[in-house]
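Because the structure is a prediction, the values reported are computed rather than measured. To find a chain, count down the sequence lines: A is the first, B the second, and so on, and within it residues start at 1.
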Amino acid sequence: MGESYSAFLYLIASICFIMALKGLSSPDTARHGNYFGIAGMVIAVLTTLATPQVVSFWLIIAGLVIGGAVGTFIARQIQMTALPQLVAAFHSLVGLAAVCVACAAFAAPEDYGIGVRGNIEGASLVEMALGLTIGAITFTGSVVAFAKLQGLVSGAPLVFKGQHLLNALLGAGLILLIVLFVMTEATPVFVLLVLLSLAFGFLLILPIGGADMPVVISMLNSYSGWAAAGIGFTLSNSLLIITGALVGSSGAILSYVMCKGMNRSIFNVILGGFGTEGGAAAAGPGVGDRMVKSGSAEDAAFILKNAGSVIIVPGYGMAVAQAQHSLKAMADLLKKDGVKVSYAIHPVAGRMPGHMNVLLAEANVPYDDVKELDEINREFSSTDVAFVIGANDVTNPAAKTDPSSAIYGMPILDVENAKTVLFVKRSMASGYAGVENELFFRDNTMMLFGDAKKMCDDIIKALE
Amino acid sequence: MADPASLAQTAGELAGNAHDLAQRLDALARQLTAVHTQAAHAGTPFVFELTVFALAVFVGYYVVWRVTPALHSPLMSVTNAVSSVIIVGALIAAGPPGISFAKIMGFIAVTLAAVNIFGGFIVTQRMLQMFQRKK
């Protein structure tokens, strides 16, 4: 196939990818968008297979079959609560693939038309080094993120003395190595660059705590895009450049949205260490010296049944307890009794952007009932019951009133304005920010201690 | 005072100069157009790629801001699948005859990217299926 033909087909594939993202502007068009994405990918792969350089197919077919089977199997088996770690794992694969392609381009530049071994064009070398570095950082960074989300290592931030200094030195070392590589094109420098980038990605994510994962995942999403763009520059392939830029900016926007949802700067997140003291430190006091009103499932059922309107505020605790189906069943019973039920989602609820929405959708909650913070926050004051299940910090009024609080300035859901607040929690432990929630001690608050799923089931029993 | 003869001579010289200048200007203009068309056609490849990149970043920016927050998870998984288009580079590495280091690298990258492509699109589809309007 001629070069302008393939360039044209690559353009069509790029447009398909843009349409795939555009489809996501509404749930009604989203599935069409996904088909566009698949079509774009098929066009891209077939076009590449038809280029004259590709003559031997057995390894390619083997790779596609093995990879395709593994990917299909995982995607079909995965539970929706495990979505964040799945996405992190997938990001790591993109990163590693970028590293492999950079290695191949370095070893056999003539295949890509960017010069011959030992005499690769200068611009291509810069781009190759960038694609390689970002790819390697994405790879190890995502592996750490995956391990934290999967619970293989503690979600707590791992900080040690001199960490920032070490990272700064590594970063400077990377830049130096890139310059050196572009000047010498030496294999040892290339290998060193790979190793250092891998170490850097590892150390970069290590200090970031589990609750900051929405930002981290978005950031790694962005990196995987920039890595693809870097490889695209190396190979002078517009499709890769366009797609990389799309994915890169998408991830960057999501990171921004998540940071804003926590009122933190991206630098603050990257530097890490947030919530170091963890729940334990602040969990001690509270129960002993201050009174909380705790109730049973029957009490909750009584209050809910007699309410005119209920807003449910789900958080990560609901995901951990897999309580979404029971919650939906409970909401259905209430609706049957004529109670108006809606759901309020905080931007950083869960462990990845939009995580709660997916879990509720999985439980067949109609998405028109699910509201974002800006849409619903004013309605709390005219609501009878706020039912907070597995969320804590995102409801803490200290974010508005206490300038010394770690979460001061974070936008919160104003559940305190509801006539009654029901908190489903396992214990009095504070949230990840390590901040006491004074809402627990208010007169109109009732604590429902227990596992989120079990509590919902018990409330259902009491309602029936 | 200058005599008419020398005046005429100066005038003649000036006219000659002007003609010369006009000719050189013409040549310059022609050169300029040549350079211009060249720049418009190609520039350096890097500048062209950078143009594509910058425009794509803007497209991404505007398209992604319009994505409804409820669909941020599918957005992430679909961008993940789409970024595996890096497979294009991997296919070229795995394509040549014989066995080489580059080819092995290409094979690994094809496999990894394939996991991502199939996994990413399928999991996105699963999620979007849940967001269907309930009848």
Side-chain angles (χ1 to χ4, degrees), chain A residues 17 21-22 24-25 27 30-31 34 37-38 44 48 53-56 59-60 63-64 66-68 70-72 74-75 87 90 93-94 96-98 100-101 103-104 107-108 123 221 224-225 228 231 233 235 238 241-243 245-247 249-250 253 353-355 357-358 361-362 366-367 372, chain B residues 45-46 49 52-53 56-57 59-61 63-64 66-80 82-86 88-97 101-102 105-125 127-128 130-131 134:
Chain A
F17 291 155
L21 299 192
K22 190 176 169 294
L24 290 170
S25 56
R31 266 163 304 127
N34 202 36
I38 296 169
T48 315
Q53 294 104 300
V54 183
V55 290
S56 147
L59 259 187
I60 293 176
L64 285 176
I66 297 171
V70 172
T72 308
I74 295 174
V87 170
F90 280 170
L93 299 184
V94 179
L96 191 55
C100 290
V101 174
C103 288
N221 185 233
S224 70
I231 298 295
F233 275 108
L235 312 183
S238 302
I241 296 175
I242 294 174
T243 315
L246 287 178
V247 176
S249 48
S250 162
I253 289 175
H355 193 191
N357 301 78
V358 172
E362 186 195 16
Y367 60 76
E372 303 299 322
Chain B
F46 176 71
E49 287 160 10
V52 171
F53 177 74
V57 168
V59 170
Y61 180 86
V63 171
V64 171
R66 297 196 48 163
V67 171
T68 161
L71 294 178
H72 274 167
S73 285
L75 170 69
M76 202 160 252
S77 63
V78 86
T79 48
N80 186 243
V82 157
S83 63
S84 312
V85 75
I86 205 160
V88 164
L91 290 172
I92 293 174
F101 171 73
M105 281 292 138
F107 166 67
I108 298 174
V110 167
T111 314
L112 295 173
V115 173
N116 236 329
I117 292 171
F118 282 81
F121 280 123
I122 290 173
V123 91
T124 309
Q125 190 66 19
M127 271 189 258
L128 294 177
M130 298 171 184
F131 279 94
K134 306 293 171 326

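Ranking A/A30, A/P27, A/A97, A/G68 against chain B, the residue ahead of the rest is A/G68, based on heavy-atom pairs under 4.5 Å. In terms of heavy-atom pairs under 4.5 angstrom with chain A, the leader among B/V115, B/I122, B/V64 is B/V115. Looking only at heavy-atom pairs under 4.5 Å with chain A, the residue among B/T124, B/N116, B/V59 that has the most is B/N116. Ranked by heavy-atom pairs shorter than 4.5 Å toward chain B, the options A/L93, A/T72, A/L59, A/V70 are led by A/L59. Ranked by heavy-atom pairs shorter than 4.5 Å toward chain B, the options A/A228, A/A107, A/A104 are led by A/A104. Note: B/N80 leads B/N80, B/V110, B/L71 in heavy-atom pairs under 4.5 Å with chain A. Comparing A/G225, A/A123, A/C103, A/A108 by how many heavy-atom pairs each has under 4.5 Å with chain B, the most go to A/C103. Of all the listed residues (B/I92, B/V78, B/V52), the one sharing the greatest number of non-hydrogen pairs under 4.5 Å with chain A is B/I92. Counting heavy-atom pairs under 4.5 Å between each of A/L96, A/I38, A/I74 and chain B puts A/I38 at the top. Residue with the most contacts toward chain A among B/S84, B/A90, B/P69, B/G106: B/P69 (heavy-atom pairs, distance under 4.5 Å). When each of A/H355, A/Q53, A/E362 is scored by its heavy-atom pairs under 4.5 Å with chain B, the top score falls to A/E362.
The minimum heavy-atom distance between B/S83 and A/V247, with the atom names listed, is CB-CG2, 3.9 Å. Listed here is the closest heavy atom pair of A/A245 and B/A56: CB-CB, 3.6 Å. Of all non-hydrogen atoms in A/G63 and B/T111, the two that sit nearest each other are CA-OG1, 3.4 Å. Across all their heavy atoms, A/C100 and B/I108 have their closest contact at SG-CG2, 3.8 Å. Minimum interatomic distance between B/A94 and A/I60 (heavy atoms only, all atoms of both residues): CB-CG1, 3.8 Å. Of all heavy-atom pairs between A/V55 and B/P97, the closest is CG2-CD, 3.3 Å.
Of the two parts of B/F101, only the side chain, counted from C-beta on, holds a non-hydrogen atom closer than 4.5 Å to a non-hydrogen atom of chain A. Only the side chain of A/I231 has a heavy atom closer than 4.5 Å to any heavy atom of chain B. Proximity to chain A (any heavy atom under 4.5 Å) is shown, for B/V82, by both the backbone and the side chain. Contact annotation for A/L21: both backbone and side-chain heavy atoms come within less than 4.5 Å of a heavy atom of chain B. Within the 4.5 angstrom heavy-atom criterion, only side-chain atoms of B/I117, from C-beta onward, approach chain A. For a residue to count as touching a neighbouring chain, one of its non-hydrogen atoms must lie under 4.5 Å from one of that chain's; by this rule A/N34 touches chain B with backbone and side chain alike.
In this structure, OH on B/Y61 lies 15.0 Å from CG on A/L246, to the nearest 0.5 angstrom. Annotation: the span from A/I242 atom CD1 to B/F53 atom CZ amounts to 11.5 Å, rounded to 0.5 Å. Put simply, CG on A/L24 and CZ on B/R66 are 12.5 Å apart, with the number rounded to the nearest 0.5 Å. From B/L75, atom CG reaches atom OG of A/S250 across 4.0 Å, with rounding to the nearest 0.5 Å. Separation of atoms CG (A/N357) and CE (B/M127) is listed at 11.5 Å; rounding is to 0.5 Å.
Remark: A/A44 pairs with A/A13, A/L239, B/V85, B/V88 by the side chain to side chain contact (heavy atoms under 4.5 Å, CB included) rule, at least two apart or across chains.
Looking only at distances, a side-chain donor or acceptor of B/S73 sits under 3.5 Å from a matching main-chain atom of A/P353.
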Inset, instruction - Start with the C-alpha gap between A/V358 and B/F131, add the side-chain angles, then the distance that decides, and say whether side chain to side chain contact (heavy atoms under 4.5 Å, CB included) holds. - result: CA-CA 8 Å; A/V358 172; B/F131 279 94; 4.1 Å; yes
